[in-house]
**Student:** 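Here it is, the structure in full.
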There are 2 protein chains.
Amino acid sequence: MHYTRDNMAGLLRSHDINPTHQRIEIAHALFSRQEHLSADQVMAIVNTRHSETSKATVYNTLKLFLEKGLVREVIVDPSKVFFDPNTGPHHHLYEVDTGKLSDIDAAHVQISGLPPLPPGMVTEGIDLIVRIRRKA
Amino acid sequence: MHYTRDNMAGLLRSHDINPTHQRIEIAHALFSRQEHLSADQVMAIVNTRHSETSKATVYNTLKLFLEKGLVREVIVDPSKVFFDPNTGPHHHLYEVDTGKLSDIDAAHVQISGLPPLPPGMVTEGIDLIVRIRRKA
DNA sequence: TCCGGAAATTAGACAAAGTCCAGATTGGTG
DNA sequence: CACCAATCTGGACTTTGTCTAATTTCCGGA
Ligand SMILES: [Mn+2]
Ligand SMILES: [Mn+2]
Ligand SMILES: [Zn+2]
Ligand SMILES: [Zn+2]
């Protein structure tokens with residue numbers, strides 16, 4: 001699958017998001033790259049040619065995408081949140097030195113032996129992060 | 001085991017940390033409670049009676065404790081880092097609504113099927129976070 | 001005890017990520 | 001065109017964390 005700006009409007013609509021120019025640009029930044037991007041990086045990408053989108057709109061839009069389940073949040077770096085266009089079940093590999101973040105397909109990973117949840121609680125998600133670095 | 005201020009000096013020395021008044025207070029805040037605390041919370045605890053320790057010292061000290069392996073960092077909330085006096089192998093249960101963070105003993109949890117690491121890389125740690133919330 | 005220097009602490013300026021708000025713009029409808 | 005709701009905007013603001021230059025504390029030797 002290959003994400004063009006034209007595709008984006010349909011993708012947004014299918015997630016109950018009104019497709020505006022700014023929202024299409026932001027979605028395109030994430031989905032065409034299929035990378036984990038911070039708000040700052042999204043802002044830079046969207047405003048490369050000429051300034052098009054304000055900081056407030058970038059943050060508001062990313063939060064909207066999150067609420068609508070179009071993207072996922074990855075909390076791995078204490079200084080910034082990453083937004084992930086891959087919402088399928090997967091885990092993360094994080095290079096602590098470089099900040100490079102990559103996906104681990106959850107299909108073959110198995111987690112067992114977790115204790116029962118406190119009553120009245122449901123799991124919202126399980127985040128598994130493998131932190132790696134260059135051998136000393 | 002029961003952590004008093006008097007114990008703290010020995011604990012610090014055993015981790016190659018020169019025990020100063022401020023460091024003892026900060027270690028005591030963490031170890032006597034055995035809770036996950038943010039820098040802000042540590043600051044508030046240490047300065048309850050009368051102001052004793054500056055913000056710079058709180059941050060410097062927590063970073064020092066981290067480098068020396070006395071505490072561990074837990075990155076789970078996008079807005080602040082938690083410091084964890086429990087450095088043994090364990091995972092975390094995070095209540096997204098309340099921000100409550102609790103430990104899951106790693107003894108019975110098994111993670112299998114992780115892909116091989118890229119060559120020349122070593123694992124620094126595996127963080128498993130179970131995000132839960134109150135049932136709708 | 002006094003001195004010198006290293007280690008530690010400090011206040012406060014600074015930086016970066018993210019939030020908030022009141023006003024302006026947009027886009028559809030009658 | 002006029003109206004209204006949704007969206008977008010600049011910029012002030014907040015919070016978390018970092019940095020620095022000056023001060024204080026600590027300790028070993030004279
Ligand atoms: Mn989806
Ligand atoms: Mn230890
Ligand atoms: Zn991912
Ligand atoms: Zn813990």
Side-chain angles (χ1 to χ4, degrees), chain A residues 8-9 12-13 15-30 36-47 49-68 70-84 96 99 101, chain B residues 8-9 12-13 15-30 36-47 49-68 70-84 96 99 101:
Chain A
M8 291 300 104
L12 293 178
R13 271 189 217 98
H15 282 263
D16 199 23
I17 298 167
N18 192 2
T20 65
H21 176 60
Q22 287 88 342
R23 288 169 182 175
I24 287 170
E25 284 301 317
I26 291 171
H28 185 251
L30 282 160
H36 306 88
L37 300 177
S38 65
D40 232 36
Q41 290 176 305
V42 169
M43 177 92 161
I45 290 166
V46 161
N47 290 332
R49 297 182 164 284
H50 38 82
S51 188
E52 300 183 67
T53 307
S54 72
K55 184 171 64 150
T57 296
V58 169
Y59 278 98
N60 288 343
T61 300
L62 290 170
K63 188 185 279 184
L64 178 69
F65 286 4
L66 202 57
E67 285 163 10
K68 298 295 189 179
L70 182 60
V71 302
R72 163 176 171 182
E73 209 177 21
V74 183
I75 299 166
V76 77
D77 178 312
S79 73
K80 66 183 66 142
V81 169
F82 288 101
F83 294 88
D84 190 346
V96 294
L101 186 59
Chain B
M8 291 299 104
L12 293 178
R13 272 189 217 97
H15 281 263
D16 200 24
I17 298 167
N18 193 1
T20 66
H21 176 60
Q22 287 87 342
R23 289 169 181 174
I24 287 170
E25 285 300 317
I26 291 171
H28 185 252
L30 283 160
H36 307 88
L37 300 177
S38 65
D40 232 35
Q41 290 176 304
V42 169
M43 179 91 162
I45 290 167
V46 161
N47 289 332
R49 295 181 165 284
H50 38 82
S51 187
E52 300 183 65
T53 306
S54 71
K55 183 170 64 150
T57 297
V58 169
Y59 278 98
N60 288 344
T61 300
L62 289 170
K63 189 185 279 184
L64 177 70
F65 286 4
L66 201 58
E67 286 163 10
K68 298 296 190 177
L70 181 60
V71 301
R72 162 177 173 183
E73 209 177 20
V74 183
I75 299 167
V76 76
D77 178 311
S79 73
K80 65 182 68 141
V81 169
F82 287 101
F83 294 88
D84 189 346
V96 294
L101 187 58

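What you see is a predicted model; the values in this text were computed from it and never measured. Proteins come first, then strands; the chains are lettered A, B, ... in the order of their sequence lines, and each starts at number 1.
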**Student:** May I ask you to evaluate whether A/Tyr59 reaches the phosphate of C/dT19, defined as a side-chain N or O under 4.0 Å from OP1 or OP2?
**Tutor:** no

**Student:** Starting at the 5' end of DNA chain C, which residue's closest nucleotide do you reach first, B/Pro78 or B/Arg23?
**Tutor:**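 Residue closer to the 5' terminus by nearest nucleotide: B/Arg23.
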
**Student:** D/dG17 P sits how many Å from B/Asp77 CG, rounded?
**Tutor:** 10 Å

**Student:** Report the nucleotide, chosen from D/dG17, C/dA17, C/dT9, that has the shortest atom-to-atom distance to any side-chain atom of B/Thr20.
**Tutor:**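 It is C/dT9.
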
**Student:** Specify the residue among B/Asn60 and B/Ser79 whose closest nucleotide of DNA chain D lies further upstream toward the 5′ end.
**Tutor:**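 Of the two residues, B/Ser79 wins.
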
**Student:** Distance from B/Tyr59 atom OH to B/Asp40 atom CG, nearest 0.5 Å?
**Tutor:** 6.0 Å

**Student:** Answer yes or no: does a side-chain N or O of A/Ser54 lie under 4.0 Å from OP1 or OP2 of D/dT9?
**Tutor:**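 Checking D/dT9 against A/Ser54, a side-chain N or O does come within under 4.0 Å of OP1 or OP2.
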
**Student:** Quick one: A/Gln41 CD to C/dA17 C1', roughly how many Å, whole number?
**Tutor:**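 So the CD-C1' distance, A/Gln41 to C/dA17, works out to 13 Å.
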
**Student:** Any donor-acceptor pair, under 3.5 Å, between the side chain of A/Lys55 and the base of C/dG18, if you only look at N and O atoms?
**Tutor:**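 Yes, a donor-acceptor pair under 3.5 Å.
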
**Student:** Starting at CG of B/Asp40 and ending at P of D/dT15, how long is that distance when rounded to a whole Å?
**Tutor:**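 Taking CG of B/Asp40 and P of D/dT15, I get 9 Å after rounding.
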
**Student:** Between A/Gln22 and D/dT9, is there a contact of a side-chain N or O with OP1 or OP2 at under 4.0 Å?
**Tutor:** yes

**Student:** Just by distance, do the side chain of B/Asn47 and the backbone of B/Glu52 share a donor-acceptor pair under 3.5 Å?
**Tutor:** yes

**Student:** Rounded to the nearest 0.5 Å, how far apart are CG of A/Leu64 and CD1 of A/Ile17?
**Tutor:** 5.0 Å

**Student:** Looking at D/dT7, I'd like to know if its phosphate oxygens (OP1 or OP2) sit under 4.0 Å from a side-chain N or O belonging to A/Asn18.
**Tutor:**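 Answer yes for this pair, as a side-chain N or O of A/Asn18 is under 4.0 Å from OP1 or OP2.
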
**Student:** Distance check, rounded to the nearest 0.5 Å: A/Leu70 atom CG versus A/Met8 atom CE?
**Tutor:** 8.5 Å

**Student:** So which heavy atom on B/Val46 is nearest to which on B/Ala29, and how close?
**Tutor:** CG2-CB, 4.3 Å

**Student:** Output the rounded distance in Å from NZ (A/Lys63) to P (C/dG18).
**Tutor:** 11 Å

**Student:** Provide, to the nearest angstrom, the distance between the CD1 atom belonging to A/Ile75 and the C1' atom belonging to D/dT16.
**Tutor:** 15 Å

**Student:** Mind checking A/Ser38 for me? I need base, sugar-phosphate or nothing, with any heavy atom below 4.0 Å counting as a touch.
**Tutor:**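 Nothing: the residue A/Ser38, judged by heavy atoms under 4.0 Å, touches no strand.
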
**Student:** Can you tell me the distance, in whole Å, between the NZ atom of A/Lys80 and the C1' atom of C/dA15?
**Tutor:** 13 Å

**Student:** Rounded to whole Å, how long is the line connecting atom CG of A/Leu62 with atom P of C/dG18?
**Tutor:** 10 Å

**Student:** Measure from CD1 on A/Ile24 to C1' on D/dC8 and round the result to the nearest Å.
**Tutor:** 15 Å

**Student:** At less than 4.0 Å, is any side-chain N or O atom of B/Thr57 found next to OP1 or OP2 of C/dT10? Yes or no.
**Tutor:**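 For C/dT10, OP1/OP2 do have a side-chain N/O of B/Thr57 under 4.0 Å.
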
